[in-house]
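Right, one structure below, let's go through it.
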Amino acid sequence: MRSTSKRTAAKPRASASKGKSRGKSRRARKPSTQATLVPANLDKDLALKSNAAFVVDQDTGEAVVAKNPDTVLPIASLTKLMTSLVVVESNAPLDELLEVTQDDVDTEKRTHSRLAVGTKLKREEMLLLALMASENRAASALSRHYPGGRPAFIAAMNDKAKALGMSSTRFADPAGLSSQSVSTARDLSRLVSAAYAQPMIRNFSTHLETTVAVRGRATTFGNTNRLVRSEGNWNIELQKTGFTNEAGRCLVMQVTLASRRLAMIFLDSDGTLTRYADAARVRRRLELEALQPKSVSTSTFSASGAPPTKAALAR
């Protein structure tokens, strides 16, 4: 396996989602409540386009952004963060060869995969491809090679979610292709914290690209997150993207921004770039706020979009 985590000279390209489904139309959406950032002198609407968003300071626990944070939604390939956590905590040999079989082929949504049936890779390589390139067959193969097989693996995913306090979360598959794999933005912030505690998950999720042998042929896979592929504009320490027709476009990241460690979660976004634009909106506002005098109160979000009360500004 040849891999690199260097993040230079990478030309941004449209993110290719691995959970794309064919022949299904998007569900109709009701207009969602907008989140607004309302510091004392910066009360302009953030106008987030994602239908659910949650940004939390990982050191203080302060919720910086909250837009429909407790709405239960399909989460697509964000599921693979839990898949990776179960694999890492199982302490299974990373150098064990796992084979992609017909059991790993998506027959429901017929998603594309570059891992041909018969491909044999180390567990470590499968884990890297699942996190970095969001390879569905890699996630599936990882689950099959768990003691007790895939049913036991999915049970372990749900047990871990319960242990983390993710009370609104349920996993139905290891790749996120099922619309029954659901969570909330708030619950996912807990998963981000747990995954961040694992150095391998941090490293693999932010790898730029890697080359592996697929049935004897060198094949290069890239990171699905265009912000990782950008030229160092973001300090991203952990990330995962996701997309299915049911879930929309999703994004979770652990970043250091304005000297704060933040978990950023954006769910059910329309448009290829919307989730990234929402992250940029939050970043610009927090960086602007960091330049304000210390006497200015810290930011809060109002799901209703109403201006802050005097009591709120005094906190």
Side-chain angles (χ1 to χ4, degrees), residues 1 17-21 74-164 166 169-183 187-188 191-192 194-195 198 200-201 204-205 207 210 212 214 221 224 238 240-244 246-247 250 252:
M1 174 176 67
S17 301
K18 299 299 179 181
K20 185 177 180 181
S21 67
I75 58 171
S77 287
L78 303 187
T79 297
K80 294 185 180 82
L81 270 185
M82 181 60 82
T83 297
S84 67
L85 192 58
V86 171
V87 170
V88 170
E89 291 187 349
S90 74
N91 293 315
L94 294 176
D95 59 354
E96 180 183 354
L97 283 178
L98 312 184
E99 182 176 359
V100 175
T101 71
Q102 193 63 37
D103 288 337
D104 302 314
V105 175
D106 173 24
T107 58
E108 180 181 353
K109 289 184 168 63
R110 301 184 182 279
T111 52
H112 173 70
S113 174
R114 298 168 68 197
L115 291 181
V117 172
T119 299
K120 294 181 180 180
L121 296 174
K122 296 178 181 178
R123 178 175 279 107
E124 180 181 31
E125 293 172 311
M126 292 286 194
L127 186 60
L128 173 58
L129 294 180
L131 284 169
M132 179 196 72
S134 204
E135 265 292 342
N136 293 322
R137 292 182 187 178
S140 180
L142 287 165
S143 72
R144 280 193 304 102
H145 289 83
Y146 186 82
R150 187 172 295 148
F153 188 89
I154 294 173
M157 293 172 72
N158 285 301
D159 288 344
K160 186 63 179 180
K162 183 177 180 180
L164 293 175
M166 300 171 67
T169 298
R170 178 178 179 271
F171 294 105
D173 74 307
L177 292 170
S178 172
S179 61
Q180 300 304 308
S181 289
V182 298
S183 189
D187 271 8
L188 287 171
L191 177 56
V192 168
Q198 297 290 345
M200 182 177 293
I201 297 178
F204 283 6
S205 74
H207 246 58
T210 191
V212 299
V214 177
F221 295 79
T224 59
L238 177 141
K240 188 70 194 75
T241 63
F243 170 69
T244 62
E246 297 88 350
C250 306
V252 300

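One-based numbering along the sequence shown.
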Between [X] and [Y], is any pair of side-chain heavy atoms under 4.5 Å apart?
X    : Y    : answer
L94  : M200 : yes
L188 : L81  : no
S84  : L142 : no
F221 : V214 : yes
N158 : K162 : no
K122 : V212 : no
L85  : K160 : yes
F171 : I75  : yes

Q. Quick check: does any side chain N or O of S140 sit under 3.5 Å from a backbone N or O of N136, one acting as donor and the other as acceptor?
A. no
**Q.** For E96, the option from E124, M126, R123 that meets side chain to side chain contact (heavy atoms under 4.5 Å, CB included)
**A.** R123
Q | Check ion pair R150-D104 (N to O, under 4.0 angstrom) | A | yes
Q | L121/L129 under side chain to side chain contact (heavy atoms under 4.5 Å, CB included): CA gap, chis, key distance, verdict | A | CA-CA 10 Å; L121 296 174; L129 294 180; 3.7 Å; yes
